[in-house]
Amino acid sequence: MLPPEATAADRELLRRSMGLDQPLVVQYLRFLGDLAVGDFGLSYRFNQPAMSVVLERVGHTLVLTFTALGIAVLIGVPIGVMSAVYRDSWIDLTGKLFAIVGQSAPPFFFGVLMIAFFSVHLGWLPTGGTGGLQYLIMPAIALGWYSAAGTMRLTRASMSEVLEAEYIKMAKIKGLPQRVIIYKHALRNACLPVITFTALQLGVLLGGAVSVEAVFAWPGLGFLILKSIEDLDYTIVQAAVTLIALSFTAINLLVDLLYAWIDPRIRYD
Amino acid sequence: MTNAGTPAKSRPATDAAMVAQSAAVLTVLPRRRRQWAQSALVFVAAAVLALILSAAMLPWAFSRYEPNAMDLMATLQAPSLEHLFGTDALGRDILCRSIYGAQISIFVAACAVFLAGAVGTALGILAAYFRGATDAIIMRLADVQFSLPAVILAMFLVGAIGASILNLIIVLTLANWARFARVIRSEALSLRTRDFVLLAELAGASPLRVMVRHIAPNILSSLIVLATLDVGVIVILEATLSFLGLGIRPPDPSLGTLIADGRGYLATAWWISVLPGLVLMSLILACNTLGDYLRDRLSPTLAMKW
Amino acid sequence: MVTGVSDVLQVENLTTCVATRNGIITAVDNVSFRLSRGSTLGLVGESGSGKSMTCLSIQRLLPSNSVVAAGSIRFKGEDLLTKTPRQMEAIRGREIGMILQDPMTSLNPVFTVGQQVGEVFRYHKGTRPRDIRTKVLDVLKRVRIPAPAERYHSYPHQFSGGMRQRVSIAINIGNHPDLLIADEPTTALDVTVQLQILHLLREIQQESGMAIIFVTHDLNLVARFCDDVAVMYAGRIVEKGPVKTVFADPKHPYTRDLLSAIPRISKSRDRLRPIPGQPPVMTNLPKGCRFEPRCRLASERCRAAYPDWVEQKETGGGVACWETAVGAK
Amino acid sequence: MTLPFIDLQDVHKAYNVRRGVFRAGKLLHAVSGVSFSVPEGSTFGLVGESGSGKSTIARMVLGAEAATSGEVRVAGQNVTTLDRKQRFQLRRTLQPVLQDPYSSLNPRIRIAAIVDEPLRVHRIEHGQSLKARVAQLLEQVGLSAETMRRYPNELSGGQRQRVAIARAISINPRCLVLDEPVSALDVSIQAQILNLLKDLQARLRLTYLLISHDLAVVSYMSDQIGVLYLGQFMEIASREDIIANARHPYTQALMAAADSTIGEEVGRVGNAVQGEIPSPLSPPSGCPFHPRCPMAEARCRQEKPALRAFGPSHQVACHLAESTR
């Protein structure tokens with residue numbers, strides 16, 4: 001942080017101004033005090049309160065993450081349901097292939113592949129940065145496919161288990177049409193674990209977003225954290241990580257409430 | 001009492017049953033076909049894994065180059081007989097670097113999965129057996145780890161303790177033990193309600209004996225499946241960290257760093273990034289396929305918990 | 001055999017095969033029986049005897065690894081095996097009902113009782129939505145569920161085992177079916193509640209003339225609830241006939257030994273006579289009679305070939321055993 | 001009068017059931033005020049339907065659960081006040097046989113290891129003499145010594161229950177607690193196991209505490225029978241008294257339900273006992289059976305009837321016991 005030719009005195013002055021000369025315990029307590037107040041300290045690089053820098057960037061990450069989550073749910077759930085209902089059919093096999101490949105392609109490599117093919121070779125899409133929708137397509141797909149694979153597999157497993165349940169046999173005994181049995185009775189029960197899984201996916205997506213943002217230079221939180229680590233700008237890293245942890249815990253709470261609303265057994269004890 | 005019944009009907013049963021059984025066989029064929037297809041897939045996966053592992057174990061047998069040996073006369077050469085995977089900007093043979101990269105990736109992933117598995121399993125069994133406070137503490141610790149996405153936790157830790165192979169293994173273990181703890185705990189909890197655990201306790205067996213002799217052997221199959229599937233996840237995580245420059249530091253080759261190196265040359269020398277990436281993908285693909293196969297055979301119900 | 005005018009159901013040589021990991025087993029092997037209107041047939045057998053598979057075959061609800069390989073199932077004159085899935089959908093829940101064993105799992109936990117009972121009206125007779133609610137309340141009253149109006153919107157987990165089984169009965173008798181299959185309906189219930197459910201089924205049967213197949217392993221219940229009985233062992237019917245004659249003078253050694261093996265409340269302290277040996281393993285059944293390894297009257301003939309079925313003209317029953325059918329009592 | 005092997009005095013067991021985070025926890029009374037004793041060498045039968053508390057009593061006798069109040073004495077020692085060492089010794093005198101043969105055996109270990117575990121834990125035998133003892137135990141329960149090397153999934157339900165019994169008697173206990181030992185078995189196999197238990201009792205002079213919902217099984221095996229309902233005794237008597245002279249309406253209903261005569265109208269009994277077992281969370285006032293009792297009067301609703309003697313070993317908890325025969 002100091003120019004190379006800075007003298008020992010300058011260095012000493014800086015240390016004292018940053019309070020680094022205090023014993024470690026005192027520094028830590030002051031740090032916690034600031035945290036409680038929401039003051040994450042100044043960012044060296046931006047010379048602004050760390051949290052405000054973080055909040056600026058979080059929007060981009062959320063857009064990317066929720067688009068990817070949307071892809072995961074819109075593709076993963078229907079294929080999962082179909083491959084459970086029509087077991088051993090072509091849907092089931094393609095679904096399995098889609099899932100296995102999806103979970104084997106790390107998002108960042110998948111991004112590199114797409115850039116090589118769509119941007120460089122075909123020139124259809126920009127290689128990175130932000131702007132219109134076309135900037136979002138590749139990063140979202142790169143991130144979305146990996147989590148769609150997970151969602152699909154879980155939906156298939158949950159649906160298959162529910163289809164074996166006694167109350168589904170009772171639905172058949174009642175002579176209900178096939179579509180009512182699948183989309184009313186089975187799906188309603190099968191979606192419970194899928195909701196919890198999708199919420200947990202948000203965490204995986206946040207992680208994945210970091211590498212995808214790096215590949216596509218997408219100005220999100222991950223990219224910011226990456227840069228801050230390289231520049232040893234710890235206040236940013238701490239602020240960002242705290243924000244992510246808090247938002248993640250909030251999501252978990254939301255899922256529990258949602259679960260209670262859907263599953264009467266919890267609501268009407 | 002003589003029986004006034006009518007003469008017995010023509011010989012029923014056995015031959016009719018034979019006809020019936022053959023008819024039944026026809027309807028069961030699609031299931032056979034699926035099983036055959038699955039075992040073919042698994043065979044291919046096992047072969048790919050064997051190839052990559054043997055290459056990683058005996059790199060010199062597969063490539064006569066040195067990973068960091070530069071040949072400034074042969075920079076950015078396309079894949080050729082001479083250099084199967086071509087060369088990078090510094091003339092280094094990419095196939096050789098990929099092999100050594102795979103070596104490190106597999107080594108790091110294996111260690112991390114082993115450590116995370118051991119720690120997670122032990123804590124999972126303890127939490128399930130003693131319940132109460134132990135369970136609450138362990139599960140809250142797991143929640144802490146779950147609340148932070150692995151990559152971000154890893155970045156935070158690497159930022160704090162610096163990047164080295166040992167640190168990477170530590171980071172990967174810390175970012176992954178909770179998955180094992182949670183799944184093993186739920187398996188152990190269902191075992192805990194089984195009668196043979198109560199019977200062992202009522203025979204006077206100590207908690208340690210119950211956990212080692214009765215609970216552990218019965219969660220082994222789930223552990224094997226979990227570990228195999230987890231290797232894929234850890235390899236991805238390691239490659240991602242190395243790609244971001246937070247894992248293996250250049251010049252040591254890791255599949256992640258190789259892909260990173262090639263990013264600048266996608267237009268002119270696509271093979272620098274793409275080929276090592278394909279090696280990475282086939283490694284993960286093989287692990288996932290094997291894991292699925294094991295899960296179907298060993299513990300089908302695991303799909304839900306993972 | 002000519003179809004009796006009052007026969008609701010006539011099953012001929014029904015054979016169902018199941019593909020298991022260690023080979024294909026014939027779970028239901030050449031089973032034949034008849035059921036007339038308003039009468040109750042007890043299908044009795046131990047676990048693995050094929051009694052449940054017989055019911056699933058009739059309803060065409062077999063799991064994916066099993067199939068009806070031969071035989072015919074004439075329900076009101078038409079063979080169910082020739083019906084298309086859509087035609088079966090129309091029959092199930094309207095003309096044929098079925099009660100499952102475990103009340104805890106046979107109702108969908110996330111829908112209210114009112115919705116689940118109402119469905120059987122909505123998807124069948126095209127009842128107007130307005131009438132569904134009154135129809136549901138009527139049928140809930142009929143199965144004696146207290147305060148049906150309040151319980152209409154409550155969920156299955158708020159009901160006790162006995163009450164849930166009554167809801168299942170309500171679902172199945174809503175459209176006045178001609179045949180009700182009860183697959184061990186009371187096994188999961190307490191003794192006192194068991195008899196209430198059977199009493200309820202008897203009342204409904206007397207009102208509507210519905211025929212009932214009562215599947216159970218409990219011979220006591222068959223004795224007091226059924227008109228006819230068919231005893232199954234290793235996938236085959238070994239003895240059939242009216243409850244009075246079969247229980248008073250059992251012809252097949254298995255039926256005889258089964259009746260003497262049941263502990264009864266009696267002053268005498270004499271020992272029970274258990275049936276020796278282990279239950280049959282369906283993947284390698286003996287060539288001859290399948291009860292031979294555990295039978296006291298077993299002879300060379302029994303080991304050689306499966307005994308022919310001998311009809312008892314006067315009772316409509318029959319037995320498959322070389323020794324007792326022809327020989328001395 | 002020999003010292004009773006098992007002796008329970010006014011035992012209570014209540015669980016604190018928390019219903020939701022916000023609502024205060026309610027007390028579930030599984031067992032409320034149960035007293036009985038089992039003389040050495042005899043069989044005491046506990047019969048009751050679900051929610052009667054019979055399994056909870058079994059677990060308290062085995063020391064797997066502590067009583068909320070009252071005394072549980074086994075072989076003269078109060079089970080709840082034992083320290084670790086004494087509790088370990090208690091295990092040698094008392095062993096259980098549980099209901100589900102598929103859940104009682106660890107699927108991952110061989111039969112030999114299952115049967116000899118109590119012997120190993122108590123270090124009674126090891127090496128060759130252990131193997132011989134296991135072979136002898138298997139023969140005693142009617143299994144070939146060769147079964148030793150097999151795994152549980154290779155055996156039928158009846159054979160598995162025999163292995164469970166061999167294990168229970170391996171350390172020569174003086175008492176077996178049989179919790180629904182035959183309910184999960186087929187009828188033809190039940191009789192084999194019941195006779196095996198009778199023979200072992202005679203040969204090894206064992207005391208049995210038998211728990212079952214099936215009055216017929218209990219009456220076949222027991223010398224003394226206790227009829228439980230909602231955690232309390234309705235009637236305790238010798239086997240002969242219960243069969244010939246049952247006085248409590250609930251016992252009479254169980255008798256009628258269990259023993260059938262051909263073609264007898266289902267209604268006669270189906271109508272007798274109405275309604276279902278109330279929830280133990282809110283037990284009815286007065287006599288717990290009054291909501292379902294055909295003879296219930298005002299007194300039954302207000303005042304809980306105490307156990308009154310009707311003969312040397314016949315007690316009934318019913319205000320109208322005199323007029324029920």
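Here is the naming used below: chain letters follow the sequence lines, and residue numbers restart at 1 for every chain.
Options Leu280(B), Leu246(B), Leu283(B), Leu244(B) differ in how many heavy-atom pairs under 4.5 Å they form with chain A, and the most are formed by Leu244(B). By number of non-hydrogen pairs under 4.5 angstrom with chain B, the leading residue of Leu202(A), Leu226(A), Ile251(A), Val101(A) is Leu226(A). The candidate from Leu206(A), Leu246(A), Val215(A), Leu205(A) with the greatest count of non-hydrogen atom pairs under 4.5 Å with chain B is Val215(A). The most heavy-atom pairs under 4.5 Å with chain A, out of Leu285(B), Leu237(B), Val235(B), come from Leu285(B).
For Phe98(A) and Trp145(A), the ring centers sit closer than 6.0 Å to each other.
Using a 4.0 Å cut-off between charged side-chain N and carboxylate O, Asp292(B) and Lys96(A) make no salt bridge. A salt bridge links Arg182(B) with Asp143(B): the closest approach of a Lys/Arg side-chain nitrogen to an acidic carboxylate oxygen falls below 4.0 angstrom.
Heavy-atom distances place the side chain of Tyr146(A), and not its backbone, under 4.5 Å from chain B. Proximity to chain B (any heavy atom under 4.5 Å) is restricted, for Leu113(A), to the side chain, taken from C-beta onward.
In summary, the side chains of Ser242(B) and Glu238(B) do present a donor paired with an acceptor at a separation below 3.5 Å, with no hydrogens or angles considered.
Under a 3.5 Å cut-off, the side chain of Ser83(A) and the backbone N or O of Ile91(A) do not form any donor-acceptor pair.
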